[in-house]
Amino acid sequence: MGPLIPEILSDQWNNIIAIITGMAFGYVLESSGFSSSRKLVGVFYGYDFAVLRVFFTAAITASIGLLFMDYFGWIDMSALDGLPARVWPIVVGGLIMGLGFVTGGFCPGTCITAIGIGKLDGYVFFGGIILGVFVFSEMFPLFENFYNSSNLGDVTVPEYFNINPYWFTVGVSIIAIVAFYAVMLIQKRIKSVEY
């Protein structure tokens, strides 16, 4: 976490704020039911779309917030650091994480939330994460070339396709609204079949 207000807050206060923010985030995850693997995998099985709504809302809110702060000069978007866009490694990594998500019922953050309330499956999933990190690091020389392949550099989607970031965010927001409406119809249909 970077400095929130570097001219006013010291690094120590930023760390304290980061801890409080993390605890608040965990509380919100637990209150939303995201420590339940059944709720989390519901999006894959078509009976609960809370995960889709929450993560889409978070992405849109963060995008609009960043663009708003950039517009008023409160942050410098060019100073934000992103990971290099390595296309095929990202696709393969996403498939592996998705498989782990649907199989184990957690993502890395939600398994920590499950551990926080003492759920055994959260501990097991976290053990799998640690094992996966170990295996990845030990086997890295075997697929290092693939890991570094198809590198587009530190580029965003709007930059790559030469789209105005404001219009891109509007487009993604429209997609989110359509997705929210579609999943609402799906959930209504599922509930009508159940009863």
Side-chain angles (χ1 to χ4, degrees), residues 1-5 17-18 20-22 24-102 105-110 112-113 150-192:
M1 182 171 173
L4 297 172
I5 310 170
I17 290 169
I20 293 169
T21 303
F25 182 65
Y27 174 79
V28 170
L29 282 177
E30 165 54 23
S31 300
S32 304
F34 280 18
S35 61
S36 165
S37 55
R38 287 181 163 275
K39 185 168 193 71
L40 292 167
V41 297
V43 71
F44 296 105
Y45 295 108
Y47 63 80
D48 191 330
F49 295 95
V51 172
L52 178 115
R53 288 193 296 266
V54 166
F55 286 107
F56 233 145
T57 302
I60 297 300
T61 303
S63 297
I64 292 171
L66 282 171
L67 291 173
F68 181 83
M69 289 188 282
D70 180 57
Y71 181 79
F72 286 103
W74 298 341
I75 63 166
D76 179 9
M77 290 281 276
S78 64
L80 296 178
D81 191 23
L83 294 173
R86 298 179 177 109
V87 179
W88 289 113
I90 288 172
V91 169
V92 172
L95 290 171
I96 292 170
M97 182 171 164
L99 183 63
F101 197 154
V102 76
F106 292 110
C107 71
T110 55
I112 299 297
T113 304
S150 59
N151 188 349
L152 301 179
D154 188 4
V155 64
T156 64
V157 174
E159 287 171 347
Y160 183 76
F161 290 106
N162 198 24
I163 303 170
N164 182 306
Y166 296 97
W167 284 114
F168 178 77
T169 302
V170 168
V172 173
S173 300
I174 291 168
I175 291 169
I177 292 166
V178 170
F180 292 168
Y181 183 72
V183 297
M184 181 188 70
L185 294 178
I186 292 168
Q187 281 192 295
K188 280 184 181 177
R189 185 176 208 127
I190 290 170
K191 284 183 181 175
S192 68

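Here the structure is a predicted model, which means the values were calculated and not measured.
For Phe101 and Phe44, the distance between ring centers is under 6.0 angstrom.
Judged by distance alone, the side chains of Thr113 and Glu30 never bring a donor and an acceptor atom under 3.5 Å apart.
Of the inter-residue distances, the one linking Arg38 atom CZ with Leu40 atom CG reads 12.0 Å to the nearest 0.5 angstrom. Distance NZ/Lys39 to CZ/Phe49: 11.5 Å, rounded to 0.5 Å. From Asp154, atom CG reaches atom CD of Glu159 across 7.5 Å, with rounding to the nearest 0.5 Å.
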Going by atom type alone, with no hydrogens or angles, which donor-acceptor pairs under 3.5 Å involve a side-chain atom of residues 53-73 and a protein atom two or more places apart or on another chain?
{"residue": "Arg53", "atom": "NH1", "partner": "Gln187", "partner atom": "OE1", "Å": "3.1"}
{"residue": "Thr57", "atom": "OG1", "partner": "Arg53", "partner atom": "O", "Å": "2.6"}
{"residue": "Thr61", "atom": "OG1", "partner": "Thr57", "partner atom": "O", "Å": "2.7"}
{"residue": "Ser63", "atom": "OG", "partner": "Ala59", "partner atom": "O", "Å": "2.8"}

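Sorted by first and then second residue, the side chain to side chain donor-acceptor pair (under 3.5 Å) pairs with a member in residues 85-102 form an empty list; sequence neighbours excluded.
More than 12 heavy atoms of other shown residues, nucleotides or ligands fall within 6.0 angstrom of atom CG in Leu185. For CZ of Phe25, the number of neighbouring non-hydrogen atoms (other residues, nucleotides, ligands) closer than 6.0 Å is 12 at most.
Across every non-hydrogen atom of Gly109 and Leu29, the tightest pair is O-CD1, 4.4 Å. Nearest heavy-atom pair across Ile186 and Gly46 is CG2-O, 4.2 Å. Minimum interatomic distance between Phe106 and Ser35 (heavy atoms only, all atoms of both residues): CE2-O, 3.4 Å. Closest approach of Pro165 to Pro158, counting heavy atoms only: CA-CB, 4.1 Å.
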What do the steps show when you test Thr156 against Phe161 for side-chain contact (heavy atoms from CB on, under 4.5 Å), and what is the final call?
-> CA-CA 9 Å; Thr156 64; Phe161 290 106; over 6 Å; no
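Under the 4.5 Å side-chain criterion, counting only non-hydrogen atoms from C-beta, Tyr45 is in contact with Val102.
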